[in-house]
There are 2 protein chains.
Amino acid sequence: MIESDVSISRMSGTRERILDSAERLIAEQGYAATSLRQIIAAAKVNIAAVHYHFGAKEDLLDAVVLRKVAPVNAARMEWLDRVEAQAGAGPLRIEDVLESFLLPTADTAQQNPDFVRLMGRMLTEGMMPSLVEKHFQATVMRFSAALSRAIPYLPRQELMWRVHFMIGATAHAMSMKPILSGMEGDAPDMNLRMRRLVTFLAAGFRAPSNAALPESKEK
Amino acid sequence: MIESDVSISRMSGTRERILDSAERLIAEQGYAATSLRQIIAAAKVNIAAVHYHFGAKEDLLDAVVLRKVAPVNAARMEWLDRVEAQAGAGPLRIEDVLESFLLPTADTAQQNPDFVRLMGRMLTEGMMPSLVEKHFQATVMRFSAALSRAIPYLPRQELMWRVHFMIGATAHAMSMKPILSGMEGDAPDMNLRMRRLVTFLAAGFRAPSNAALPESKEK
DNA sequence: GTCTATACTGAGATAGAC
DNA sequence: GTCTATCTCAGTATAGAC
């Protein structure tokens, strides 16, 4: 629905300026705290231009997020492609799958500091479960399948819950400004943070499915 | 600062009605989507009464959350007291510590369905990191200390990060309506959900600290 | 097809009378 | 303690200029 390329209509300029301003301000202040009037003032456009190009405020957020998230999800897919190609018919390493999900985030964070804040805001602030779902559903499904292949003995239901635990931990880890004592040092190093997370999650995924839990009917 | 007991001023009625309405509506619709005017209509009070009793909208939220969260945090502390008393001078089991943090949530959820939704809203929606911090800082610190005792070989910095991973996974697990395929069955069973989480997190905490990561300077 | 000017409704907040 | 009146600012919608 949203034209993603530039070729048509020569890129109005207005549209891009709105997106840039919105991205910066939302990353800084959050979605709710950022008014359309702030955005259009920074972009030096009229407020009606926002509604012309995007519709409601939430739709503008959707466009902002899409512009940043789509390349990251693409990078994740490519990374996972490589991992799967290298594994061939053999087993998949859990760590490799998790890295293909987590490290593209860190790479992007390096070259665009706003990105992490924006993602954190998106996942942390209300920003519509529907919006999150829309942008991540396909990616999550693809990774769930890969994880299922890496841990074939794990019942599907249990795997799905662990995927959710992973998503929650990741969202929190990304948005976190580490304020608890003893972790001031590596606050900005998103790559280290994500590698810590890989270690933690890999162990969690490997944990034996608790036989005492009632789910013997699955898989 | 906020008087937490009823004895003084005979409990105005107005104040309690506002809290009840706010709690219900916020749990149903979220914080941002719930207007003060909705709340005062349901409570049948004047809008200025809200500002008289609580101040700003955010302060009202603070009072609502406090009323629900304080008992849960107290239950957590008591549970952990028992676990530590039983361990005596011996080692602490990671699972026991995690259960004392996670299972009181499930217990409360059973008898008050709104509670989980409210907590999920609080952690999931923007609801001020400052607010979250205020209500959970003491609890988190106490549990970090217990976990540190249960996993003494883990460097402090690594432990703190894993605590954050735990918080993120927990918040997400609590607020989650499981929509991914294969998990429709046990959606409402918060206790099972939390026990799954204990298994997952315990394995994550037990994972060896990755020696390749640069943090040899700590502890 | 793009954008500006302007108006509308509802939000949170506050001052001051009772 | 409570309520009325009012203020400012938010998101949204429309009419019409280029």
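Keep in mind that what you see is a predicted model, and the values were worked out from it rather than measured. Letters go in sequence order (proteins before strands), and every chain restarts at 1.
When the C1' atom of D:dT2 is taken as reference, atom NZ of B:Lys44 falls 18 Å away, rounded to whole Å. One atom, CG of A:Asp59, and another, C1' of D:dT12, lie 12 Å apart when rounded to the nearest Å. Atom pair A:Arg15:CZ and C:dG1:C1' shows a separation of 14 Å (rounding to whole Å applied). Distance B:Phe54 CZ to D:dG1 C1': 14 Å, rounded to the nearest Å. Rounded to whole angstrom, the span from the CD1 atom of A:Ile40 across to the P atom of C:dC3 amounts to 14 Å.
Scanning for side-chain hydrogen bond (donor to acceptor under 3.5 Å, both in side chains) contacts around B:Glu78 gives an empty result, with sequence neighbours left out. Residues satisfying the salt bridge (charged side-chain N to carboxylate O under 4.0 Å, His left out) test with B:Asp107, not counting sequence neighbours, are none. For A:Lys68, the salt bridge (charged side-chain N to carboxylate O under 4.0 Å, His left out) criterion is met by A:Glu23, not counting sequence neighbours. The salt bridge (charged side-chain N to carboxylate O under 4.0 Å, His left out) check on A:Arg142 picks up A:Asp81, A:Glu84, with sequence neighbours excluded. Evaluation of the side-chain hydrogen bond (donor to acceptor under 3.5 Å, both in side chains) rule for A:Asp96 yields A:Arg93 as partners, not counting sequence neighbours.
The side chain of B:His53 places an N or O atom within less than 4.0 Å of a non-bridging phosphate oxygen (OP1 or OP2) of D:dT2. A close approach under 4.0 Å does not occur between any side-chain nitrogen or oxygen of B:Asn46 and OP1 or OP2 of D:dT2. Note on B:Tyr52: every side-chain N or O is 4.0 Å or more away from OP1 and OP2 of D:dT2.
The cationic group of B:Arg82 lies under 6.0 Å from the six-membered ring centre of B:Trp79 and within 45° of the ring axis, placing it in a cation-pi geometry.
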Each nucleotide N or O in nucleotides 11-18 of chain C that has a protein N or O under 3.5 Å away: list the pair and distance.
unit_1	atom_1	unit_2	atom_2	d
C:dG12	OP1	B:Leu36	N	3.2
C:dG12	OP1	B:Lys57	NZ	3.3
C:dG12	OP2	B:Leu36	N	2.9
C:dG12	N7	B:Arg37	NH1	2.6
C:dG12	N7	B:Arg37	NH2	3.2
C:dG12	O6	B:Arg37	NH2	3.1
C:dA13	OP2	B:His51	NE2	3.2
C:dA13	OP2	B:Lys57	N	3.0

